[in-house]
Amino acid sequence: MSDAHDTTRVSPAPRITGRSSSHFTRLARVFAQELGVACEFAPVYDLASLEARDYAGNPALKLPVLTIDGATVFGAENICRVLAESAPERRRVVWPEDVRELQARNAQELVWHAMQAQVQLGFGTQIAHLPADSIYFAKAAAGLRNALAWLDERLVAVIEALPPRDLSLLEASLFCLVEHLAFRTTVPLAPYGQLTAFAREFGQRASARSTVYRFDAPPPAGE
């Protein structure tokens, strides 16, 4: 039978484009594994690139990006939702809109803020080598520390307030944040005992153990 009449051809596997050193990318990869969606991984080596094609077509030049069934999905939370819709078995996932307790809602907002602040500090001072004493970075660091202190103080009550679940966006994103702070130090984690204990426990999951942070090494020239 010719290719033109072959109806058995299988679509390419879903692919996550991102960086193994990125907490937003790790969140998407943790969700993929927790939900049983097998995804290929395509690392991006040069964050200084200004070409959308180097970010799997994302015009915002941001990661991660999911390519699935011929479609492209931008952003970590957006990707997590699409992965849940594509999962071979239904899992109980708690999304932000499923949370009724206001402190838990605030917690998710602060996790997003802290993750973005970590990007701001890491890219600005460690990659772009801009002066760390700029008010732009000083305020980001202060806000990050304040957010972590708030989360650490209320973490136990926030987790207890979550509905029954197999997985929650809050816990997965918080884990990715805390481990990233240890991986790319911008503020010390020592003052936040509840957060580090939580990360150790979540880190026992197979999805966490198989997505450990590392820097992607580009292939040798000519390959």
Side-chain angles (χ1 to χ4, degrees), residues 3-4 6-93 95 111-112 115-116 118-119 122-123 127 166-180 183-184 199 202-223:
D3 288 348
D6 185 0
T7 59
T8 64
R9 180 171 295 176
V10 178
S11 299
R15 182 178 68 251
I16 294 173
T17 300
R19 289 170 67 87
S20 299
S21 55
S22 158
H23 45 17
F24 285 110
T25 299
R26 191 179 191 185
L27 176 58
R29 298 179 75 189
V30 164
F31 255 73
Q33 296 208 24
E34 290 281 341
L35 297 169
V37 182
C39 291
E40 297 176 349
F41 178 61
V44 173
Y45 302 110
D46 181 14
L47 279 183
S49 171
L50 301 180
E51 299 294 335
R53 64 174 177 268
D54 293 329
Y55 302 86
N58 188 341
L61 312 181
K62 296 179 69 175
L63 302 168
V65 175
L66 172 68
T67 306
I68 185 169
D69 295 333
T72 304
V73 185
F74 305 141
E77 181 177 348
N78 203 19
I79 289 171
C80 290
R81 291 179 183 272
V82 172
L83 290 170
E85 294 166 359
S86 307
E89 297 182 8
R90 183 174 179 81
R91 304 295 301 278
R92 295 178 301 174
V93 180
W95 303 106
V111 169
W112 291 142
M115 291 176 75
Q116 189 56 50
Q118 177 80 341
V119 172
F123 191 88
I127 296 178
D166 296 308
L167 180 67
S168 75
L169 186 68
L170 174 59
E171 290 168 292
S173 57
L174 179 60
F175 165 74
C176 293
L177 165 67
V178 175
E179 282 229 327
H180 197 259
F183 173 67
R184 298 201 72 163
F202 194 99
Q204 299 305 308
R205 294 182 180 228
S207 61
R209 294 196 303 269
S210 63
T211 56
V212 174
Y213 288 121
R214 63 180 180 85
F215 292 109
D216 298 304
E223 290 191 6

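With sequence neighbours left out, the side chain to side chain donor-acceptor pair (under 3.5 Å) criterion links S21 to no other residue. Contacts of F123 classified as ring-ring contact (aromatic ring centres under 6.0 Å, His included), with partners at least two apart in sequence or in another chain: none. Here R214 pairs with S20, D216 under the side-chain contact (heavy atoms from CB on, under 4.5 Å) rule; sequence neighbours left out. In terms of the side-chain contact (heavy atoms from CB on, under 4.5 Å) criterion, residue partners of A13 (sequence neighbours excluded) are, by chain and number, E40. Shown here are the side chain to side chain donor-acceptor pair (under 3.5 Å) partners of R19, two or more places apart in sequence or in another chain: there are none. Scored by the ring-ring contact (aromatic ring centres under 6.0 Å, His included) test, F175 finds F202 as partners (sequence neighbours excluded).
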Taking distance alone, no hydrogens or angles, what donor-acceptor pairs closer than 3.5 Å link side-chain atoms of residues 51-61 to residues at least two apart or in another chain?
from	atom 1	to	atom 2	distance (Å)
E51	OE1	R53	NH1	3.3
D54	OD2	S49	OG	2.5
Y55	OH	L47	O	3.1
Y55	OH	S49	O	2.7
N58	OD1	A60	N	2.9
N58	ND2	K62	O	3.0

Please table the atom pairs, donor to acceptor, closer than 3.5 Å between any side-chain atom in residues 66-80 and protein atoms at least two apart or in another chain.
from	atom 1	to	atom 2	distance (Å)
E77	OE2	R81	NE	3.2
E77	OE2	R81	NH2	2.8
N78	ND2	F74	O	3.2

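Closest of all the heavy-atom pairs between A28 and P64 is CB-CG, 4.3 Å. Of all heavy-atom pairs between A206 and Q33, the closest is O-OE1, 4.2 Å. Counting all heavy atoms, side chain and backbone alike, A87 lies closest to L35 at CB-O, 3.5 Å. Minimum interatomic distance between L27 and S173 (heavy atoms only, all atoms of both residues): CD1-N, 3.7 Å. The nearest pair of heavy atoms linking A172 to L167 is CB-CD1, 4.3 Å. Heavy atoms only, all atoms of each residue included: T211 and S207 are closest at OG1-O, 2.7 Å.
Listed by first and then second residue, the salt bridge (charged side-chain N to carboxylate O under 4.0 Å, His left out) pairs that reach into residues 20-34 are R26-E179, E34-R205, sequence neighbours excluded. Listed by first and then second residue, the ring pair (Phe, Tyr, Trp, His ring centres under 6.0 Å) pairs that reach into residues 14-42 are H23-H180, F31-W95, sequence neighbours excluded.
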Can you check side chain to side chain contact (heavy atoms under 4.5 Å, CB included) on V93 and L169, steps first, answer last?
-> CA-CA 7 Å; V93 180; L169 186 68; 5.8 Å; no

Starting from the C-alpha separation in whole Å, work towards a yes-or-no answer on side chain to side chain contact (heavy atoms under 4.5 Å, CB included) for M115 and V119.
-> CA-CA 6 Å; M115 291 176 75; V119 172; 5.9 Å; no

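Taking the six-membered ring for Trp and thresholds of 30 and 60 degrees, F183 and Y213 have nearly parallel ring planes, at less than 30 degrees apart.
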